[in-house]
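Worksheet for the structure shown next.
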Protein chains: 2
Amino acid sequence: MKIAEPTVGRLVQYHRLLERLYMEGQKVVSSQEIGESLAFKASQVRKDLSYFGEIGKRGVGYHVEKLYKHINEILSSPRKWKLGLIGVGHLGSALLGYGALRNDKVEISALFDNDKSKVGKVFFGVECHHIDDAAKIICRDRIEVVILAVPSSAAQSCVDSIVSSGCVKGILNFSPISIVTPADVLVTSVDISVELEKLLFYLKEEEKKK
Amino acid sequence: MKIAEPTVGRLVQYHRLLERLYMEGQKVVSSQEIGESLAFKASQVRKDLSYFGEIGKRGVGYHVEKLYKHINEILSSPRKWKLGLIGVGHLGSALLGYGALRNDKVEISALFDNDKSKVGKVFFGVECHHIDDAAKIICRDRIEVVILAVPSSAAQSCVDSIVSSGCVKGILNFSPISIVTPADVLVTSVDISVELEKLLFYLKEEEKKK
DNA sequence: GTGTGTGAAGTGGTTCACAGCG
DNA sequence: CGCTGTGAACCACTTCACACAC
């Protein structure tokens, strides 16, 4: 069955919450309680969880450990994904140092940058290569996922060269531009300036109301 | 009229594209062409643009300069927003150095961190204060928008203290946790690890298909 | 009684299809 | 004739409401 994107996003959040509840020793949790913690409707939580079979107990709630492990299974990876990070500037190094990538599902195997002063250096234990060698190294090291943190002017040409390697299956794009890829390469984009602009737009709208 | 969130996001992207086309000297553009550049359907582009009156010419397309200035107007701010950034770690400093905040709609006025070794120092021309002084300084400097780039364990208490100042109208949250705020404080969240997990989930699904 | 699971209804956003204007 | 503007159809996701299991 196809699981909708918003549902997957919420599953990740349930997973996080349950991990915490589990650590705290809580045994049982209701859809109501999950909803309040994460600002979702209880009915939404139940619907999301029901996609994967009857996991809760009527009149009781969900068993924290069981549900945690269940969602863990749903989100689990067949193996550790090898990641490449292109662009070791401010944002790229932030991502490197950031918790999001210190995760047992992924492993950063290589860095790439066009700045020759960075090439050959090691950042957070990972070596930086020149961007021109990206396709070659991605193939050699069996890298399947690429995080793109380069300026918009460089984004598309980076994409073209790594896609040409034929090894890349997914791209997490942080460049403020929409990139084009063959249909078999999945792309998720995080556009920070769009998010900021959206917030500012609605702030302005709020102000106009008054 | 209420403009839907996805529409606002696309407007920001139209704006960027038109700026480029305008610089390049292109005079006219069709919904078709905009759609191809940004990977949206032409009908979607036309619907989005039609919310703001008849701005295109039938049989011709949209006048680049006119449309650019029109969208500029829609997205314009009543004034420069003053921003505070909480959390001058990897991600926070990346955001500081990053282009998204070098924008004539916003101005970073203050930084906050709980690390005493950072307090009193200046980063990218902006002084860092202790987080405990945040509410006070936010009021004093009339800061209305706060960017939150702290670990999830600290997020909610930061939110509570800055919201208590009564001056904050919007929060751009980068912490991997959902925060609760009074209804009159707008929140936009960018959850990098959720985005990564979503990508990995769909990569796994793709693999299962084969 | 309590809280889940779920069909059905509702809501919001996208896409179609074509009338209408340049 | 070409491309926009737009009501209507469509689709996807959310919420409701209640039967059902504990």
Side-chain angles (χ1 to χ4, degrees), chain A residues 1-14 17-18 21 26-68 70-71 74 178 194 198 201-202 205, chain B residues 1-14 17-18 21 26-68 70-71 74 178 188-189 194 198 201-202 205:
Chain A
M1 191 216 347
K2 166 81 169 65
I3 298 159
E5 191 173 320
T7 301
V8 180
R10 286 189 300 267
L11 281 174
V12 176
Q13 297 180 66
Y14 299 151
L17 174 65
L18 287 160
L21 296 180
Q26 187 170 333
K27 294 291 180 230
V28 164
V29 68
S30 67
S31 58
Q32 180 80 41
E33 196 182 343
I34 296 178
E36 276 166 13
S37 301
L38 300 173
F40 306 138
K41 287 248 159 41
S43 57
Q44 178 78 81
V45 175
R46 293 202 301 278
K47 175 128 294 191
D48 287 340
L49 297 179
S50 73
Y51 291 144
F52 307 96
E54 301 207 3
I55 192 76
K57 273 203 174 47
R58 299 178 189 218
V60 181
Y62 300 90
H63 186 269
V64 172
E65 180 179 354
K66 214 165 118 193
L67 183 56
Y68 172 57
H70 194 81
I71 297 182
I74 294 164
S178 58
V194 167
K198 285 204 291 198
F201 178 83
Y202 285 112
E205 293 294 297
Chain B
M1 190 215 349
K2 166 82 169 65
I3 297 159
E5 190 175 319
T7 302
V8 180
R10 286 190 299 268
L11 282 174
V12 176
Q13 297 181 66
Y14 299 150
L17 174 65
L18 287 160
L21 296 179
Q26 186 170 334
K27 294 290 180 233
V28 163
V29 67
S30 68
S31 58
Q32 179 81 39
E33 197 182 343
I34 296 177
E36 277 166 14
S37 302
L38 300 173
F40 306 138
K41 288 247 154 50
S43 57
Q44 178 77 82
V45 175
R46 292 202 301 279
K47 175 128 297 192
D48 287 341
L49 297 179
S50 73
Y51 291 145
F52 307 96
E54 301 207 2
I55 193 77
K57 274 204 172 47
R58 298 174 189 226
V60 180
Y62 300 90
H63 187 269
V64 172
E65 180 179 355
K66 214 164 118 194
L67 183 56
Y68 172 57
H70 194 81
I71 297 183
I74 295 164
S178 58
T188 297
S189 284
V194 167
K198 285 204 291 197
F201 178 83
Y202 285 111
E205 293 293 297

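Per chain, numbering begins at 1; letters A, B, ... match sequence-line order.
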Value in whole Å for how far the P atom of dG22(C) lies from NZ of K66(B): 12 Å

5' priority, DNA chain C, between E5(B) and K47(A) [closest heavy atom]: K47(A)

By nearest atom, which of the nucleotides dT4(C), dC13(D), dG13(C) is closest to the P6(A) side chain? dC13(D)

Tell me what S30(A) touches on the nucleic acid: a base, only sugar-phosphate, or nothing, going by heavy atoms under 4.0 Å. sugar-phosphate

Kindly indicate whether the side chain of L49(B), heavy atoms from C-beta on, has any atom under 4.5 Å from the side chain of I71(B). yes

For the side chain of S43(A), counting heavy atoms from C-beta on, which of dT15(C), dC16(D), dT4(C) is nearest? dC16(D)

Strictly below 4.0 Å: does R58(B) bring a side-chain N or O up to OP1 or OP2 of dC1(D)? no

Do L38(B) and R10(B) have side chains that approach each other closer than 4.5 Å (heavy atoms only, starting at C-beta)? no

Of T7(A) and G59(A), whose closest DNA chain D nucleotide lies nearer the 5' terminus? T7(A)

Would you say a side-chain N or O of R46(A) is under 4.0 Å from OP1 or OP2 of dT14(D)? no

Taken to the nearest whole Å, NZ/K41(B) to C1'/dC11(D) is 12 Å

Side-chain heavy atoms of E5(B) within contact of V8(B), under 4.5 Å: no

Within the 4.5 Å heavy-atom criterion, are Y62(A) and L18(A) side-chain neighbours or not? no

Would you say the base of dG5(D) and the side-chain of K57(B) have a donor-acceptor pair closer than 3.5 Å? no

State whether Y51(A) places a side-chain N or O below 4.0 Å from either non-bridging phosphate oxygen (OP1 or OP2) of dT14(D). no

Classify the nucleic acid contact of L49(B) as base, sugar-phosphate or nothing, counting any heavy atom under 4.0 Å across all strands shown. nothing

Interatomic distance, E33(A) CD vs dT2(C) C1' [rounded to whole Å]: 14 Å

Beyond-backbone contact of F52(B) with L11(B), side-chain heavy atoms, under 4.5 angstrom: yes

Nearest-Å distance, CD (Q44(B)) to P (dC3(D))? 20 Å

Whole-Å distance separating the NE2 atom of H63(B) from the C1' atom of dC3(D): 16 Å

Could you tell me the separation between the CD1 atom of I55(B) and the C1' atom of dT4(D), rounded to a whole number of Å? 12 Å

Roughly how many Å is it from OH in Y14(A) to P in dT4(C), rounded to a whole number? 12 Å

Residue S31(B), side-chain heavy atoms: nucleotide from dT4(D), dG7(D), dT14(D) that is nearest: dT4(D)

Nearest-Å distance, CD (Q32(A)) to C1' (dT2(C))? 12 Å

